[in-house]
Colleague: 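Structure in C-alpha cells, see below.
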Amino acid sequence: MTFFDKVLIANRGEIAIRIMRACRELGIETVAIYSTPDKNALHVKYADEVFHIGEAHPSKSYLNQDRIIEIATLCEAEAIHPGYGFLAENYHFAENVEKAGLTFIGPSSKTIHMMGSKLDSKEAMSAAGVPVLPWTKGGVTSTEAGIAFAEEIGYPVIVKASAGGGGIGMQIVRDSSGIAEAIEKGMRIAQSAFGDPTIFIEKYLDKPRHIEVQVLSDHDGQGIHLYDRECSIQRRHQKLVEEAPCPIMTPELREKMTDSALTVAQVCNYTNAGTVEFLYSEGNYYFMEMNTRLQVEHTITELVTGVDIVRQQLAIASGEPLVYEQNEISLRGHAIECRINAEDPLNNFTADPGKIVRYRSPGGPGIRVDSGIHVGYTIPPQYDSLISKLCSYGLTRIEAIERMRRAIYEYVILGVKTTLPLHHSLMHNRQFIQGNTHTHFLADQQIMRNLQSYYRDEESRMQTLAASLRQGKETAAVTAAVNVYIQHMNNGKKD
Ligand code: MV4
C-alpha cells in the first residue's frame with residue numbers, strides 16, 4: 001500500500017489523537033494544529049510536527065481554512081484529515097483543499113455539498129427507491145402551500161431547514177392552529193442560522209429510533225457497509241449513548257437498511273467513510289440524511305467488525321481499492337459507547353470546564369477509552385466538553401452492559417462535573433437493559449429525577465476533597481473521595 005508520507009490533522013482532542021494513532025501504525029508523519037488554549041493539549045504532544053494556528057475562537061483557529069491549508073502546504077503534508085465537527089462537512093473547505101493540490105480525507109466537495117441539502121438528498125434518494133417520509137418536494141416557498149401540504153399528509157408534521165442539521169429550526173406542529181406561524185418562524189431561523197431560508201415539511205414520527213449504517217466506499221466505485229448502530233439516547237441532539245449493532249435489528253430489516261445505505265452511497269458517488277442516518281418506527285425505516293464524515297461513534301463499529309475505520313479512510317483517500325469484500329465483514333458481539341462529558345446533567349447539561357485534578361481511566365477486558373485529556377489538563381471552555389469516549393465490548397449485549405458498569409465504577413475523574421453518574425443510571429435502567437430505547441428516552445424514563453441523589457453524593461465528595469486539599473492532606477482526600485464515589489455507585493445498584 002502506498003498511503004501518504006505526511007498528514008495534517010485539522011482537529012483537536014480525542015479525535016485528533018485517534019487519527020494520529022492510525023497514522024503512527026502506518027508510518028505516516030503527523031502534523032497537529034492548535035489554538036492558544038490548546039498549547040498543552042495531548043494531541044499537540046502526540047504529533048510529529050505542530051503549528052500554532054490562532055486564538056481560541058474557532059474562527060481564528062480550527063475553522064481558519066486559509067491558514068490550515070497554508071500550513072499543510074508549508075510543511076509538505078499531502079493530505080488533511082478534518083476529523084468531525086469544525087470543517088469536516090464544509091464543502092468549501094474540501095474544495096479549497098482539492099484546489100491547493102492536497103487530498104481531503106473524506107468524500108468529494110460535490111458529495112458533501114449535495115448531502116448538505118436535506119431537500120436535494122431526500123429527492124435523490126427517494127428517486128432511487130430508498131424509503132423516505134412524505135415531504136414537500138422542492139421545499140416550502142409560501143405559507144399557503146405549506147398549510148395545504150400539511151392538511152394533505154395529516155398532522156403531526158415537522159418543519160425543518162433544508163440546510164439544517166442538529167435539530168436547528170425544527171418545529172413539531174400537532175394541528176392546523178400552529179402551522180402558519182411555524183412555517184414563517186422556520187424560514188426566519190433557517191435564514192439567520194444557515195443563510196438559506198429554504199424549509200420543508202415532513203410527516204412527524206412521535207418516538208422514533210435513530211438507527212444508522214456505517215459505509216466505506218473507494219474510488220473504484222466499490223462500497224461496503226459495516227452494519228448498524230443505534231444512537232437513540234440523545235439530549236438536545238447530542239448523543240449520550242450509542243451501541244452496535246442495533247438491539248432490535250432483525251436479519252430482514254438489516255438486509256433492507258444496509259441495502260438502502262449502499263444505494264445512498266452509490267447515488268451520491270460517495271467515497272471514504274460515511275454514515276447513513278435513518279429514523280425507525282413500527283417496523284418501517286426512513287432515510288434522514290447522510291453524515292459525510294468520520295463520526296464520534298465509529299469506535300463501536302470498529303469493536304464489533306474488527307475493521308479499523310480510520311486506517312481504511314487513509315487507504316481510500318490515497319487511492320487504494322477497498323481491501324475487504326462485503327462477505328468478509330462479519331459482526332461479532334456487542335459494543336456500547338458512553339460519551340463522558342464535563343457537564344452537569346442536573347443543571348441543564350451546562351458545560352463544566354476546568355482542571356482535571358485526579359484521573360484514572362478504566363481498563364481490563366473489553367474496555368476501550370479514547371480521550372484527549374490527562375491529569376493537570378484544563379478543559380478549555382471554548383470547545384466541546386467531551387472528556388472521553390468510554391466503550392465496552394462483550395460477546396453478548398448484557399456482557400457489554402456489565403463491563404460498562406464495571407468500567408464506570410473504576411473511572412475516577414476529579415475536578416469537573418461529569419456525565420459518569422448519568423451513565424451509571426442508564427446502565428441500570430430496566431428499559432435500557434431490555435433494549436427499549438427511542439429518541440425521547442431521557443425525558444420518558446425520569447432518569448433525570450433519579451439522578452439527583454447520585455449527584456448530591458458527587459457534590460459532597462467534591463467538597464470533602466476541596467477542603468482536604470486546602471489542608472495539604474491530598475492522599476487522604478483522594479482516598480476519601482474515591483470511597484464515597486464507590487459507595488454511591490454501589491448504592492445506585494439497588495434501583
Ligand atoms: C424527525 C423526527 C421525527 N419525525 N423527523 C432530529 C435531528 C435530525 N437529524 C432529525 N431529527 C428528527 N427528525 C421526523 N419526520 C425526530 C427527530 C428527532 C431525533 C432524531 C434522531 C435522534 C434524536 C432525535 C431527537 C428529537 C427529534
Side-chain angles (χ1 to χ4, degrees), residues 84-85 88-89 115-123 125-126 130-137 139-140 146 149-150 152-175 178-179 182-183 186 189-190 193-194 198-213 228-244 246-248 257 261 264 274-293 295-297 337 339 349 426 432 436-445 447-448:
Y84 54 68
E89 293 178 285
M115 289 319 216
S117 163
K118 306 300 168 250
L119 260 178
D120 292 353
S121 58
K122 264 194 93 151
E123 177 103 45
M125 299 318 155
S126 176
V130 175
V132 298
L133 283 162
W135 89 108
T136 47
K137 264 192 196 157
V140 174
F149 177 78
E152 189 186 314
I153 60 166
Y155 292 95
V157 298
I158 183 165
V159 176
K160 295 183 176 180
S162 179
I168 298 169
M170 269 180 26
Q171 294 167 90
I172 299 156
V173 185
R174 301 222 170 251
D175 57 58
I179 187 72
I183 292 168
I189 297 176
F194 310 110
T198 312
I199 58 160
F200 63 98
I201 297 175
E202 189 176 78
K203 184 77 188 160
Y204 178 69
L205 295 175
D206 227 1
K207 288 174 185 174
R209 283 177 180 259
H210 172 137
I211 305 175
E212 57 188 32
V213 176
D228 39 276
R229 295 187 287 257
E230 155 98 40
C231 308
S232 292
I233 301 186
Q234 311 205 356
R235 160 85 197 185
R236 281 202 242 109
H237 306 292
Q238 283 289 103
K239 293 169 186 164
L240 292 167
V241 177
E242 301 102 327
E243 54 185 296
C246 169
I248 56 142
M257 287 184 81
V264 170
T275 299
V276 184
E277 254 185 56
F278 300 98
L279 289 186
Y280 169 91
S281 179
E282 295 171 357
N284 296 310
Y285 69 92
Y286 311 93
F287 168 75
M288 280 287 112
E289 55 191 76
M290 183 165 193
N291 298 317
T292 56
R293 61 170 190 273
Q295 283 192 286
V296 175
E297 63 270 29
E337 170 175 283
R339 297 195 191 183
F349 287 81
L426 280 166
F432 176 80
N436 294 331
T437 57
H438 53 78
T439 49
H440 296 66
F441 187 81
L442 275 199
D444 268 25
Q445 284 297 309
I447 299 243
M448 304 316 294

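In each ligand, atom 1 is the first atom listed, and ligand 1 is the first ligand listed. Small disclaimer: the values here were computed from a predicted structure and weren't measured.
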Colleague: Assess the side chains of Q295 and R229: does a donor N or O sit below 3.5 Å from an acceptor N or O?
Modeller: yes
Colleague: Write down the atom of Y155, the atom of K203, and the distance for their closest heavy-atom approach.
Modeller: O-NZ, 3.4 Å
Colleague: Distances for all N or O pairs of ligand 1 and the protein under 3.5 Å?
Modeller:
| from | atom 1 | to | atom 2 | distance (Å) |
| --- | --- | --- | --- | --- |
| ligand 1 | 4 (N) | L205 | N | 2.9 |
| ligand 1 | 5 (N) | K160 | NZ | 2.9 |
| ligand 1 | 5 (N) | E202 | OE1 | 3.4 |
| ligand 1 | 9 (N) | E289 | OE1 | 3.4 |
| ligand 1 | 13 (N) | K160 | NZ | 3.0 |
| ligand 1 | 15 (N) | E202 | OE1 | 2.7 |
| ligand 1 | 15 (N) | K203 | O | 2.6 |

Colleague: Can you tell whether the side chains of K118 and E202 come within less than 4.0 Å, N to carboxylate O?
Modeller: no
Colleague: So do M290 and V276 actually touch side chain to side chain, heavy atoms under 4.5 Å?
Modeller: yes
Colleague: Indicate yes or no: at least one non-hydrogen side-chain atom of E230 is less than 4.5 angstrom from one of E297.
Modeller: no
Colleague: side-chain hydrogen bond (donor to acceptor under 3.5 Å, both in side chains) with T136: which residues, sequence neighbours excluded?
Modeller: none
